[in-house]
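Accompanying notes for the structure given below.
To find a chain, count down the sequence lines: A is the first, B the second, and so on, and within it residues start at 1.
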Number of protein chains: 2
Amino acid sequence: MEQRQRTETRILTAARRLFGEHGYDRTTIRAIAFEAGSDAGLVMRYFGSKEKLFAQAAATPADGPIEGSPEQIAELLTVALTEKLADEPGAALAALRAMFSYPEAADEVRAAMTGQQRQIAAQLPGDDALLRSGVIGALTLGLVIGRHLVRLDGLDASPEELMAVAGPLIEELVTTNGRRDTPPRSRRPVSGPTPD
Amino acid sequence: MEQRQRTETRILTAARRLFGEHGYDRTTIRAIAFEAGSDAGLVMRYFGSKEKLFAQAAATPADGPIEGSPEQIAELLTVALTEKLADEPGAALAALRAMFSYPEAADEVRAAMTGQQRQIAAQLPGDDALLRSGVIGALTLGLVIGRHLVRLDGLDASPEELMAVAGPLIEELVTTNGRRDTPPRSRRPVSGPTPD
DNA sequence: CCCCTCGGTCAACAGACGTAGACTGAGGGA
DNA sequence: TCCCTCAGTCTACGTCTGTTGACCGAGGGG
């Protein structure tokens, strides 16, 4: 019957929690089965292998497309980031944590992020668009990891408070017009020994 | 003689490289010993345990104090970040990668980062200083991880190019006067629809 | 000569892991 | 009644890991 589906769901839920909390290597199939009130052999039977279980548990629907004018892009990015900062991303958290010890997960996350970045960069003005979209990605990565994984000080505020600080940065990254003919009143970053 | 010291150094170098590349769990003592042209038993004899070996390999001298006026703080942060973005941080990279699967490493890194953040926050104006220093930490984390660990698109530029984009963000985070009575000079050439 | 230290090697142990496969027991058509 | 399916359990195998302890060869006092 659908008894099987209920068991699979319990296993997936347990897997997400444990993968997200302890990473790929430290999470054993036995532990997942125990938390799901089940058995390691059954997990193998249902999901085939630990890798496949992880793939299903960490599968994340991926954000919708980010497109439009720079202002719209900034808006979409802000909304997406706010969601990511909301409580417990579940599958995404597992993928992020595993990323650093389980190469396949890293490739998947990187592919998703770079795909979105290229898409954004193509719509930004300026010839350093890719670089700026990379910094946007880095800021996103840092905020999500810093909040959920590292629990940095000061990042435990509400998503709205966080975005009140981070939002303007994204706006600036998106709307700044590439070449710095008119530098934004920046007082020279460090010394400038022409790097090349 | 100092033959022992040379062997210890070779082991530590190999350990840093492997811990940084594969993380804590996936790096075996045997692999470290092999790369160092040595033996697993000897590694145990010299360092006591895998944990202690990691502690020595991932020990990072920690940045100097960040203090002064907001402009000086921005300058110091920029310099520190530029260094972190330069090639192969070695020990720091190992600590960062291990952070997500080896809790002790996570605690150490978090302690170092939050310590520095609090120090910075205490010198920033505004009542959301801690939050802003948290975002600075997130940006730093995201840039270093995005560049060295995830290899995000667009972050493979030179540290100087990266800082040309990220520097102004740090400046803004440091100098913005907390309460947004005076909105930051982020010129928005387009409409500025207050999102909220 | 013996003996002792010390850098280094080797073989083995105990535990944990992913995985495979045999087993149980209920349920429901023929 | 028999028999088949299917969710779930239990045991075992092979491998890999950190760690231990016995062993070996060189070298320099006594």
Side-chain angles (χ1 to χ4, degrees), chain A residues 1-59 94-95 97-98 100-106, chain B residues 1-59 94-95 97-98 100-106:
Chain A
M1 292 309 180
E2 83 259 340
Q3 172 67 11
R4 166 159 181 167
Q5 266 209 350
R6 262 179 295 167
T7 303
E8 280 191 4
T9 302
R10 285 206 322 274
I11 293 173
L12 278 177
T13 303
R16 265 188 278 271
R17 207 186 70 77
L18 292 177
F19 279 134
E21 189 165 350
H22 302 117
Y24 183 82
D25 292 314
R26 301 250 170 144
T27 299
T28 69
I29 288 195
R30 285 171 170 86
I32 293 172
F34 179 83
E35 169 136 341
S38 179
D39 174 89
L42 194 66
V43 173
M44 290 301 299
R45 199 98 93 89
Y46 283 173
F47 295 92
S49 71
K50 187 182 181 183
E51 297 197 7
K52 291 179 187 165
L53 169 60
F54 176 81
Q56 282 206 36
R97 173 152 252 146
F100 301 96
S101 61
Y102 180 57
E104 276 77 3
Chain B
M1 291 309 181
E2 84 258 340
Q3 172 67 9
R4 164 159 185 167
Q5 267 210 349
R6 262 179 295 168
T7 302
E8 281 192 2
T9 303
R10 283 205 323 272
I11 293 174
L12 279 177
T13 302
R16 264 187 279 269
R17 207 185 69 77
L18 292 178
F19 279 136
E21 189 164 350
H22 302 117
Y24 183 83
D25 291 314
R26 301 252 171 143
T27 300
T28 69
I29 289 195
R30 284 173 172 84
I32 293 173
F34 178 82
E35 170 137 340
S38 181
D39 174 271
L42 194 67
V43 173
M44 290 302 300
R45 198 100 90 94
Y46 283 174
F47 295 91
S49 71
K50 187 182 181 182
E51 297 198 9
K52 291 180 187 164
L53 169 59
F54 177 81
Q56 283 206 36
R97 171 150 252 145
F100 300 94
S101 60
Y102 181 57
E104 275 77 2

(request) Mind listing the closest non-hydrogen atom pair of A:F54 and A:A95 along with its distance? (result) CZ-CA, 4.3 Å
(request) Check whether any side-chain heavy atom of A:D25 lies under 4.5 Å from a side-chain heavy atom of B:Y24, and answer yes or no. (result) no
(request) Kindly say if A:Q5 contacts the phosphate of D:dA7, meaning a side-chain N or O under 4.0 Å from OP1 or OP2. (result) no
Pairwise N/O distances under 3.5 Å, protein to nucleotides 11-15 of chain C:
unit_1: C:dA12; atom_1: N6; unit_2: B:R30; atom_2: NH2; d: 3.3

(message) What's the angle between the local helix axes at either end of the helix from C:dC1-D:dG30 to C:dA30-D:dT1, using five pairs per end and rounding to 10 degrees?
(response) 40°
(message) With a 4.0 Å limit, can you tell me whether A:Q3 has a side-chain N or O closer than that to the phosphate oxygens OP1/OP2 of D:dG8?
(response) yes
(message) Given C:dG7, D:dG18, C:dT19, identify the nucleotide with an atom nearest to the side chain of B:I29.
(response) D:dG18
(message) How long is the straight-line distance from NE2 of B:H22 back to CZ of B:R97, given to the nearest 0.5 Å?
(response) 8.5 Å
(request) Among D:dT19, D:dA7, C:dG8, find the nucleotide with the atom closest to the side chain of B:T7. (result) C:dG8
(request) Confirm from the modelled atom types if A:R45 and D:dG8 form a donor-acceptor pair under 3.5 Å, side chain to base only. (result) yes
(request) With the side chain of B:T28 defined as its heavy atoms from C-beta on, choose the nearest nucleotide among D:dA7, D:dG18, C:dG8. (result) D:dG18
(request) Output the single nucleotide from D:dG18, C:dA20, D:dA7 whose closest atom is nearest the side chain of A:M44. (result) C:dA20
(message) Using the side-chain heavy atoms of A:S49, tell me which of these nucleotides is nearest: C:dT19, C:dT9, D:dG18.
(response) C:dT19
(message) I want to verify a distance call: between C:dT19, D:dA7, C:dG8, whose nearest atom is closest to the B:Y46 side chain?
(response) C:dG8
